[in-house]
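Here the structure comes first, spelled out in structure tokens, and everything after it is commentary.
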Amino acid sequence: MTVAQTDSGREGADGEGGMAGADDAYTPSQRRIERERHKRARARRATAIAALSTLVTAAVLYLVVVDAPGWPRTKETFFSAQYAREAFPKVLDGLWLNIRLLFVCGAAVLVLGMLIAIARTLRGPVFFPLRVLAAAYTDFFRGLPLIINLMIVVLGVPALRLQGVTVDPVLLGGTALTLTYAAYVAEVFRAGIESVHPSQRAAARSLGLTNRQALRYVVLPQAVRRQVPPLLNDLVSLQKDTGLVSIGGAIDAVRAADIIVGRSLNYTPYIVAGLLFVALTIPMTRFTDWVTARMDRQRAQGGIL
Amino acid sequence: MSEILQKSGAPEPGTPRESAGDTSVLRMESVRKTFGGSVVLRDVDLEVAPHTVTALIGASGSGKSTLLRCANLLEEIDDGAIWLDGEEITDPRTDQDAVRRRIGVVFQAYNLFPHMTVLENITLAPRRVHGVPRAEAEEHARGLLERLGLGARAAEYPDRLSGGQQQRVAIARAVAVRPRLLLLDEITAALDPELVGEVLNVVRDLKNDGMTMVLATHEMGFARDVADQVCFLDGGVVLERGTADEVFGDPQQERTRRFLRRIVDAGRL
């Protein structure tokens, strides 16, 4: 009894002493100063090496390209300042269509993908046809090349001359994009649903939640949260693939560039359109990285590695 | 809740029930459960009276957890039958969700919902399954947390809590729906030794409140202290059963003696 009391008493005092020491009365030891000096020196050396190797790489690339026999001709047809100035406003106009397509198709893809994923995880004999249909859908549209899907929908549907069905290449192109991407996103959601440990479902069921309630309140929220990085990745991919609706004649950034190229036989507008797509994608990619890093950090709280 | 009220009424005349006069909360008869080729429960009989605590002891793999999972219909049994309050729940026509609503489970690994706060974890089933209004469910949950010494933790997420605190939240979640029977599956096995006590104290409190419980445990000292009935599982059957004093003090079976000797040698009793 006495021993225990003394023990706990000393422990309390230690705790206080440790905390107070962190605030005042602490001078770094010689060992720590030496260690930090060494780390700084190492960091300086690393920066210098990185700068030098970047310089060398850039110089080599420049010389290889500029020394190439076809460079003057290539420079003229791909990097003409005059055509770039002419193409820029038109391509930018077209890009607005790509951005709108991204938002509308993105939303449709998320909803449709989620529905398909849920259909694939439904149990019970009633849902058998739904399960099969959903599985067939993902198999088909993940295998079908997007460009062929687009041609079938954008060129094939108007050829049917159906009453009341749109022939607008933008709407049809958006539909084709949605069909393909929903299949990918459905698989992402399904992987998320299956990654939630069965014990979570068991805990939910043991509380009396029905299968549906367990899915809605316990499994799906965790699945979606976990799949945010791969979902954003698919949205980045969708963003650039909106350029493919140009094959139906919709005037997006690619088609706008195409028109100028067809007239002038100078390919600079393609470069302009390409750079604009890259510029559009970069913020999204960085955002994806940031979200992923944040989630990783949350998972590995407290560790330095 | 309504199911319990129905069951407490007298059996309807003209429908003699096999279990008429059966006052036990849980009864198992000749339960058999296999996984693939291996027989986990061979022929288990068990009877749990109201307001009593039954401790299941036995080596790892002796079927303690499986028995609990069968009682909650998380596993389907191969043969035999299980009754809850005199109603056969292994009848394929039983509404399994309704049965689970009357049985609370606390798992070894807590199984709290990581995307919900402590309060949301506890109020999920009362609100979504039993239709309790949010304010009322939260008030009840806060009362429970207060009793468990976790009053200040209601808004935290589970990963911010220690193992002992998480397990106490899991117990609060299980009892928030006022279950008829509480199943505790090695609830201290994943805890650091210094956190075991706080969880076991909660179980003692529940016993004093009259909660009917079945617990699978490796904490022999605790089982001896709290259990009204101790069952030693071995080879898929209840090899020995009796009061804590009988089983621990004067085991009749050689295998029980050998098991308890190993526990004593390990310094766990």
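Here the structure is a predicted model, which is why all the values come from computation and not from measurement. Chain A is the first sequence line, chain B the second, and so forth, proteins listed ahead of strands; every chain is numbered from 1.
- The two residues B:Val105 and A:Ser206 make their nearest non-hydrogen contact at CG2-CB, 3.8 Å.
- The salt bridge (Lys or Arg N to Asp or Glu O under 4.0 Å) test applied to A:Arg42 returns no partner, not counting sequence neighbours.
- Nearest approach of B:Arg100 to A:Arg205, heavy atoms of both residues: CD-O, 3.0 Å.
- By a heavy-atom distance cut of under 4.5 Å, A:Ser199, A:Gln200, A:Ala202, A:Ala203 are the residues of residues 182-203 of chain A near chain B, going up by number.
- Using a 4.5 Å cut-off between heavy atoms, B:Phe113 contacts chain A through both its backbone and its side chain.
- Atom-to-atom distance recorded for A:Thr210:OG1 and B:Arg101:CZ is 8.5 Å, nearest 0.5 angstrom.
- Separating the CZ atom in B:Arg128 from the CG atom in A:Leu209 is a distance of 9.5 Å, to the nearest 0.5 Å.
- With a 4.5 Å cut-off on non-hydrogen atoms, B:Asn72 touches chain A through its side chain but not through its backbone.
- Counting heavy atoms of neighbouring residues, nucleotides and ligands inside a 6.0 Å radius, atom CD of A:Glu36 exceeds 12 of them.
- Within 6.0 Å of CD in B:Glu194 there are more than 12 heavy atoms belonging to other residues, nucleotides or ligands.
- With chain A as the partner, the residue from B:Ile103, B:Leu124, B:Leu183, B:Leu73 showing the most heavy-atom pairs under 4.5 Å is B:Leu124.
- At least one donor-acceptor pair closer than 3.5 Å links the side chain of B:His115 to the backbone N or O of A:Tyr217.
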